[in-house]
Amino acid sequence: GAVVSQHPSWVICKSGTSVKIECRSLDFQATTMFWYRQFPKQSLMLMATSNEGSKATYEQGVEKDKFLINHASLTLSTLTVTSAHPEDSSFYICSATRDTSEPQHFGDGTRLSIL
Amino acid sequence: LAKTTQPISMDSYEGQEVNITCSHNNIATNDYITWYQQFPSQGPRFIIQGYKTKVTNEVASLFIPADRKSSTLSLPRVSLSDTAVYYCLVGYNFNKFYFGSGTKLNVKP
């Protein structure tokens with residue numbers, strides 16, 4: 001149980017395009033979802049926290065207009081990287097939880113490469 | 001800024017017990033401590049979660065002292081497939097979680 005699916009797993013696109021990443025909790029309802037970014041050989045950095053039906057809370061230094069997060073249902077959150085540039089290339093990982101006192105369950109990540 | 005600290009790397013041999021410690025001096029009263037395992041190009045996988053004292057499941061044990069300013073993940077009898085990066089995750093504010101820097105465990109035959 002507690003499976004989180006992330007799609008796509010890998011995407012390459014040209015600079016200036018927008019990319020949408022989906023995160024789905026397959027067998028539970030996620031009241032809270034988190035989006036992380038991970039550079040090679042580094043730890044996960046929290047980008048934003050989203051609760052179903054509410055606006056996402058972004059961490060300091062994360063541009064909310066560039067990284068659009070939508071949590072429209074209890075099983076789906078999306079991250080859209082708008083007007084992506086090479087410096088946005090990274091490994092993006094989502095997680096979901098029923099309650100903040102319970103463990104977060106992670107998707108397998110999306111490798112984003114901007115040319 | 002609240003911070004968690006872990007050793008950068010550890011080496012072990014197959015069959016040994018491995019203990020990885022995470023320091024989290026600013027942990028909040030209601031926060032839990034969770035440990036994850038991550039392989040390259042994959043998302044972290046849940047290992048164990050605890051609040052106080054000792055928690056044990058089928059793969060690991062978690063030891064948390066009374067002051068909760070640190071925690072120790074114990075992996076019994078590691079194998080080569082346990083080579084991975086291990087993270088402790090601690091919540092410093094309600095609904096906010098921060099990962100430690102991760103410990104690269106290298107299990108040798």
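What you see is a predicted model; the values in this text were computed from it and never measured. Below, read A as the first sequence line, B as the second, and so on, with proteins coming before strands; counting in each chain starts at 1.
- Distance check, rounded to the nearest 0.5 Å: CZ of B/Phe99 to CG of B/Leu89 gives 4.5 Å.
- Proximity to chain B (any heavy atom under 4.5 Å) is restricted, for A/Ile93, to the side chain, taken from C-beta onward.
- Using a 4.5 Å cut-off on side-chain heavy atoms (C-beta onward), A/Ser43 and B/Tyr87 make contact.
- For B/Tyr36, the part lying under 4.5 angstrom from a heavy atom of chain A is the side chain only.
- Comparing A/Gln6, A/Gln104, A/Glu102 by heavy-atom pairs within less than 4.5 Å of chain B, the highest count is held by A/Gln104.
- To the nearest 0.5 angstrom, A/Lys66 atom NZ is 12.0 Å from A/Tyr58 atom OH.
- Taking the six-membered ring for Trp, A/Phe106 and A/Tyr36 have ring centres closer than 6.0 Å.
- Residues A/Glu22 and A/Arg24 are paired through a salt bridge, judged by an N-O separation under 4.0 Å between the basic side chain and the carboxylate.
- Neither the backbone nor the side chain of B/Ile48 comes within contact range of chain A; no heavy atom of the residue lies under 4.5 Å from a heavy atom of that chain.
- Both the backbone and the side chain of B/Gln42 have a heavy atom closer than 4.5 Å to some heavy atom of chain A.
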